[in-house]
Trainee: 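Here you go, one structure.
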Amino acid sequence: DAGITQSPRHKVTETGTPVTLRCHQTENHRYMYWYRQDPGHGLRLIHYSYGVKDTDKGEVSDGYSVSRSKTEDFLLTLESATSSQTSVYFCAISEQAGSYEQYFGPGTRLTVT
Amino acid sequence: DQQVKQNSPSLSVQEGRISILNCDYTNSMFDYFLWYKKYPAEGPTFLISISSIKDKNEDGRFTVFLNKSAKHLSLHIVPSQPGDSAVYFCAARNTGNQFYFGTGTSLTVIP
């Protein structure tokens, strides 16, 4: 199994509060991704990183920011959480070679009340 | 707008028979396609992939077929086993290294 962890695994927060989710990898993979999974939408890309300090937006990036100061850590921040950001968040890593497969973390269930 | 679609939310198959999961896409610039399997409360796990320059890739009981003219791919599982019961997502990669996922098909293999 790829060494990828997410913290926290569960979080309940109130509307308007800031929230940071952490993804940590021990595989030294170059690419890291944040997705959200919602019923009827599958997984949707929020942001991704192709190296330290190199990030780009995905298809649902509004309301989210990311940072990657070290190869192993990719942080997702909700500056002011809204109820529409209640979701399950998955981090993924990839080397982008061969089959382009991604390895996913166990997910973080976030509830915004 | 959903660029990758899985129009069947669920599928039930008898153990030992073939499972066929379908996926359609709209963007002809996708260059790689992948299938993932997901159990409840876990992250998706990679199953099999195919390059856009091929039309078939096989790995054990799993085969993926790609029909570029129809913008359609399918995953065949033969023979199906109860442990295959999970949600299956298809995904497509664009040249910008972004991945687009379908909404998933929940497969139930009946013993």
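Order of the sequence lines sets the chain letters (A, B, ...), proteins ahead of strands, with each chain counted from 1. All values below were derived from every heavy atom in this structure, side-chain atoms included, with hydrogens, water molecules and symmetry-related copies excluded.
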Trainee: Tell me, for B:A91 versus chain A, whether the close heavy atoms (under 4.5 Å) come from the side chain, the backbone, both or neither.
Mentor: neither
Trainee: Is B:Q2 in contact with chain A via its backbone, its side chain, both, or neither, using a 4.5 Å heavy-atom distance?
Mentor: side chain
Trainee: Of the non-hydrogen atoms in A:L43 and B:P44, which two are nearest, and what is the gap between them?
Mentor: CD1-CG, 4.2 Å
Trainee: Would B:V4 end up clustered with B:I20 when hydrophobic side chains under 4.5 Å apart are linked, directly or stepwise?
Mentor: no
Trainee: Got a second to check how far B:T45's OG1 is from A:E101's CD, nearest 0.5 Å?
Mentor: 10.5 Å
Trainee: Centre-to-centre under 6.0 Å for A:Y35 and B:F99, is that the case here?
Mentor: no
Trainee: In Å, rounded to the nearest 0.5 Å, how long is the span from CD of A:Q102 to OH of B:Y36?
Mentor: 4.5 Å
Trainee: Linking I/L/V/M/F/W/Y whenever their side-chain heavy atoms sit closer than 4.5 Å, directly or via other members, would A:L75 and A:W34 fall into one cluster?
Mentor: no
Trainee: Are B:L11 and B:L73 in one and the same hydrophobic cluster, where Ile, Leu, Val, Met, Phe, Trp and Tyr link if side-chain heavy atoms are under 4.5 Å apart?
Mentor: yes
Trainee: For A:Y31 and B:N97, test the side chains for any donor-to-acceptor distance below 3.5 angstrom and give the result as yes or no.
Mentor: yes
Trainee: Kindly check if the number of other-residue, nucleotide or ligand heavy atoms within 6.0 Å of CD (B:Q81) is above 12?
Mentor: yes
Trainee: Please say whether more than 12 non-hydrogen atoms of neighbouring residues, nucleotides or ligands are located less than 6.0 Å from CZ in A:R9.
Mentor: yes
Trainee: Side chain, backbone, both or neither: which part of A:Q6 has a non-hydrogen atom closer than 4.5 Å to chain B?
Mentor: neither
Trainee: With a 4.5 Å cut-off on side-chain heavy-atom distances among I, L, V, M, F, W and Y, is there a chain of contacts connecting B:F65 to B:I48?
Mentor: no
Trainee: Got a second to check how far A:Y33's OH is from B:Q98's CD, nearest 0.5 Å?
Mentor: 8.5 Å
Trainee: Show, in sequence, the C-alpha distance, side-chain angles and deciding distance for A:E59 and B:Q3, and conclude whether the side-chain contact (heavy atoms from CB on, under 4.5 Å) test is met.
Mentor: CA-CA 11 Å; A:E59 60 178 318; B:Q3 297 192 44; 6.0 Å; no
